[in-house]
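Just below is one structure, and these are the notes that go with it.
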Amino acid sequence: MSSTTLSALSHAATTAQGIKRVGLWLFILSETFLFAALISSRYYLRGLERPEEVNQALGLALTVILLASSLTAYRAETAMAHGNRSVFFRNILGTIALGLLFLIGVGYEWAEAFHHFPPDTGFGTLLFTLTGVHAFHVFSGVVILFLVFLAARRGAFGAGDYWGVEGGVKYWHFVDVAWVFIYPTLYLVSG
Amino acid sequence: MNRLTEAAQQRRGFLTLGALAVLTVIEFAVAALPNALPWLTAVAVIKAGAILQYFMHFSALWSEEA
């Protein structure tokens, strides 16, 4: 195979990778509209009202968990980009564990919320919808990262070929970005 | 993604998380102020921007690396 052909193949691979990345970002953009609509509905329906019973400490704890999981996800991607599989495995499992911990926290939040503002109240509707849609994204992110972990255990991915890791981790970071706006919307804003 | 060494990239991750933690503390404190919504929005936008830029490599979409 001539060097010209190799160069052309290399360029094509780069272009294909670029197309995958743009596709993922477009998907993330479409998801942004969903969360933007849900977050804006909070202000449209309830203004700046925030019930006294909102558990601010739990909201802060959930935020810390998700931000920490973004670091472990970033470390996992960086490690795989450099072919460092042991650091990758440690951090991808850490991310999955933090994701599960976040879901347990949301479950606890829901148990409290059913008591203080049930789903048939205005704020309850917003809280259950926003945290429910977001928690489903966290759950799907955990599933995606677990599939990435299983594929890596079978020998998939390497320093020059880690698109599966990158895609899963980018989706995870997006879930974090969505929470960055949900957290003040539900737990901090008040009139 | 590969331009920096692995150690440098990992260090950048920790610095980003540190900045996000400080911004979260500021956010929590600012929430006690009257008319806090613009400040809370500003902090959230900065936090999201940090995640997009440093964790998600958003600007790399337009670089040769992408």
Side-chain angles (χ1 to χ4, degrees), chain A residues 14-15 17-22 24-25 28 32 39 43 47-48 50 56-57 59-60 63-64 66-84 87 91 159-160 162 166 169-185 187-191, chain B:
Chain A
T14 306
T15 306
Q17 191 80 337
I19 289 169
K20 286 178 191 171
R21 282 202 180 105
V22 171
L24 179 64
W25 277 105
I28 286 173
T32 303
I39 288 169
Y43 298 101
L48 299 179
R50 188 190 71 206
Q56 282 195 315
L60 183 62
T63 303
V64 170
L66 218 49
L67 289 179
S69 78
S70 252
L71 175 66
T72 53
Y74 170 83
R75 281 174 58 79
E77 183 190 357
T78 302
M80 186 56 88
H82 290 86
N84 189 344
V87 173
N91 281 283
Y162 60 97
E166 183 186 335
V169 165
K170 273 201 171 57
Y171 179 75
W172 189 261
H173 288 312
F174 166 71
V175 168
D176 194 12
V177 169
W179 184 259
V180 159
F181 290 97
I182 292 171
Y183 168 58
T185 298
Y187 297 91
L188 297 180
V189 165
S190 64
Chain B
M1 185 79 191
N2 287 312
R3 207 162 33 194
L4 297 173
T5 64
E6 185 183 357
Q9 284 186 341
Q10 300 289 18
R11 196 164 46 247
R12 190 165 74 177
F14 280 108
L15 287 172
T16 305
L17 182 68
L20 290 170
V22 169
L23 286 167
T24 302
V25 171
I26 291 171
E27 191 175 35
F28 198 80
V30 156
L33 299 174
N35 302 317
L37 183 60
W39 298 107
L40 290 172
T41 306
V43 174
V45 167
I46 294 169
K47 284 170 73 176
I51 295 170
L52 282 165
Q53 177 60 27
Y54 296 111
F55 284 162
M56 299 176 81
H57 319 292
F58 183 66
S59 62
L61 260 181
W62 287 274
S63 74
E64 282 294 310
E65 283 179 79

For residues [X] and [Y], report the shortest heavy-atom separation together with the two atoms involved.
X: A:Pro184; Y: B:Leu40; answer: CB-CB, 4.4 Å
X: B:Glu27; Y: A:Val180; answer: OE2-O, 4.2 Å
X: A:His82; Y: B:Thr5; answer: NE2-C, 3.9 Å

Hey, are the side chains of [X] and [Y] touching, using non-hydrogen atoms and a 4.5 Å cut-off?
X: A:Phe181; Y: B:Lys47; result: no
X: A:His173; Y: B:Tyr54; result: no
X: B:Leu37; Y: A:Tyr43; result: yes
X: B:Arg12; Y: A:Thr78; result: no

Checking [X] against chain B: side chain, backbone, both or neither under 4.5 Å from a heavy atom?
X: A:Trp25; value: side chain
X: A:Ser70; value: both
X: A:Leu60; value: side chain
X: A:Tyr183; value: side chain
X: A:Val64; value: neither

Spacing of [atom1] belonging to [X] relative to [atom2] belonging to [Y], to within rounding of 0.5 Å:
X: B:Thr16; Y: A:Leu67; atom1: OG1; atom2: CG; result: 11.0 Å
X: A:Tyr74; Y: B:Met56; atom1: OH; atom2: CE; result: 13.5 Å
X: A:Met80; Y: B:Glu6; atom1: CE; atom2: CD; result: 11.0 Å
X: A:Leu188; Y: B:Thr24; atom1: CG; atom2: OG1; result: 9.5 Å

Query raised in the report: Which one of A:Leu48, A:Thr185, A:Ile28, A:Asn84 has the most heavy-atom pairs closer than 4.5 Å to chain B?
Result: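 Answer, by heavy-atom pair count under 4.5 Å with chain B: A:Asn84.
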Query - Best-contacting candidate, A:Val177, A:Leu71, A:Asp176, against chain B by heavy atom pairs under 4.5 angstrom - result: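 Max contact count across the listed options: A:Leu71.
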Query - Contacting region of B:Ile51 [heavy-atom separation from chain A under 4.5 Å] - result: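 When you check distances to chain A, only side chain atoms of B:Ile51 fall under 4.5 Å.
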**Report entry** Heavy-atom proximity to chain A below 4.5 Å, by part of B:Val30
**Finding:**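 Neither; nothing under 4.5 Å.
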Query raised in the report: B:Ala44, B:Pro34, B:Ala50, B:Ala32: which one forms the most heavy-atom pairs within less than 4.5 Å of chain A?
Result: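 Option with the top pair count is B:Ala44.
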Query raised in the report: Pick from B:Ala36, B:Gly13, B:Gly49, B:Ala21: which one has the most heavy-atom pairs with chain A under 4.5 Å?
Result: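 So the answer, after comparing B:Ala36, B:Gly13, B:Gly49, B:Ala21, is B:Gly13.
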Query raised in the report: Can you check side-chain contact (heavy atoms from CB on, under 4.5 Å) on B:Phe55 and A:Glu77, steps first, answer last?
Result: CA-CA 10 Å; B:Phe55 284 162; A:Glu77 183 190 357; over 6 Å; no
